[in-house]
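My structure is below; once you've seen it, I'll send some questions.
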Amino acid sequence: MLDINDWLASSASLPAAVIEGRAVTAWERVQDKPVEIVVLRGNDELDAQTVRVETETNDRSATGPGGTTYQISATVYGVRGHPDSSVPDTDLRPGDRFAYAGAQYEVIVVAPETPGHVQAYARVRT
Amino acid sequence: MMSILADAKTRLLADAPLVALATGGIYTVDDLGPAGLNRTALPDTAFDAHLRIKPLVYIKLRDPQPDYTLADDAAQIVGAQAVVEAWLYEFAGYTAIRGMADRIYRALHGTQLPVTLRVTWDGDLRPPIRDDDLDATFQRSDYRVRLIRRPVSA
């Protein structure tokens with residue numbers, strides 16, 4: 001009979017081979033539509049990174065005292081733990097900003113517990 | 001009335017330290033399109049390479065209201081006051097904003113503009129929040145402008 005405690009302990013962390021497989025798949029997805037970004041963290045520019053950016057359709061515009069800004073949401077896909085050491089881990093944190101295609105992206109949250117890949121949700125301002 | 005803004009902008013542009021601080025520019029509504037301060041409309045001037053707002057000044061005019069300190073019904077002359085609002089922006093912190101506010105005070109308080117009477121500082125407003133859309137900290141500095149409204153030529 002299955003020992004539930006053993007089963008829970010065994011699924012607490014994925015085998016390394018599984019994570020690497022996920023990273024390979026994630027990197028293939030990034031390479032389908034790669035974008036090179038330079039992240040600004042505080043006042044520091046990070047090295048250029050290759051990610052995939054997918055925008056949502058939930059656009060809105062807001063008019064404040066300074067003018068009108070158009071916003072949409074986006075998801076930024078990266079990779080983590082790729083078996084090829086020449087593929088660096090994607091480095092994104094909440095508050096990071098980068099410019100792409102004439103819009104400013106601000107990372108709002110980086111999804112936790114995503115073995116092999118990075119999934120960051122961003123606010124896009126134009 | 002819009003000449004008040006143009007004159008105020010001219011006065012501010014004559015202040016070299018202010019121009020040096022306001023790397024994103026000094027604007028009135030006539031300088032901006034329908035979207036105002038916007039990354040698509042002003043990508044290289046008001047925003048840096050990362051599309052973060054640069055320190056800048058955006059001056060507006062709050063419409064004049066009569067105060068009847070002067071009144072001549074026969075000549076249709078009335079005293080009025082308007083407020084020039086100087087909206088100051090920067091990406092983070094208030095260092096540039098404080099510097100710009102100080103220079104604007106020096107340029108405007110206790111002076112006159114070509115089409116106005118006395119100009120005086122009327123207070124600052126610094127909300128403890130960011131402008132989430134411009135992604136900026138901001139402050140508004142108000143300057144009260146006294147003027148005389150006269151009728152247009154027949």
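Atoms considered below: every heavy atom in the structure, side chains included; atoms not considered: hydrogens, waters and symmetry mates. Chain naming here is simple, since letters A, B, ... match the order of the sequence lines and numbering starts at 1 in each.
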Shared hydrophobic cluster, B/I53 / A/V107 (ILVMFWY, side-chain heavy atoms < 4.5 Å): no

Interchain contact, B/A41 with chain A, by part (heavy-atom threshold 4.5 Å): neither

Which atoms of A/R125 approach chain B - backbone, side chain, both or neither, heavy atom under 4.5 Å: both

Which atom of B/D135 lies closest to which atom of A/R97, heavy atoms considered: OD2-NE, 2.5 Å

Enclosure of A/N58 CG (heavy-atom neighbours >12, cutoff 6.0 Å): yes

Single-linkage hydrophobic cluster B/L108~B/L21, side-chain heavy atoms < 4.5 angstrom: yes

Validation row: A/P65, B/K60 side chains within 4.5 angstrom (heavy atoms): yes

Heavy atoms of other groups near B/R130 CZ, more than 12 under 6.0 Å: yes

A/R60 side chain near B/D133 side chain, heavy-atom distance below 4.5 Å: yes

Pair B/N38-A/Y70, side chain to side chain contact (heavy atoms under 4.5 Å, CB included): steps then yes or no: CA-CA 9 Å; B/N38 177 272; A/Y70 305 95; 4.0 Å; yes

B/D73 atom CG: more than 12 heavy-atom contacts under 6.0 Å: no

For the student: nearest non-hydrogen atoms of B/A49 and A/A99, plus distance: O-CB, 3.6 Å

Point-to-point distance, once rounded to the nearest 0.5 Å, from NE2 of B/H50 to CG of A/N43: 9.5 Å

Other residues, nucleotides, ligands: >12 heavy atoms within 6.0 Å of B/R106 CZ: no

Contacting region of B/F138 [heavy-atom separation from chain A under 4.5 Å]: neither

Shared hydrophobic cluster, A/I19 / A/V24 (ILVMFWY, side-chain heavy atoms < 4.5 Å): no

Heavy-atom neighbours of A/E54 CD exceed 12 at 6.0 Å: yes

Ion pair B/D132/A/R123, N-O distance below 4.0 Å: yes

Under 4.5 Å from a heavy atom of chain A, the part of B/Y89 involved: side chain

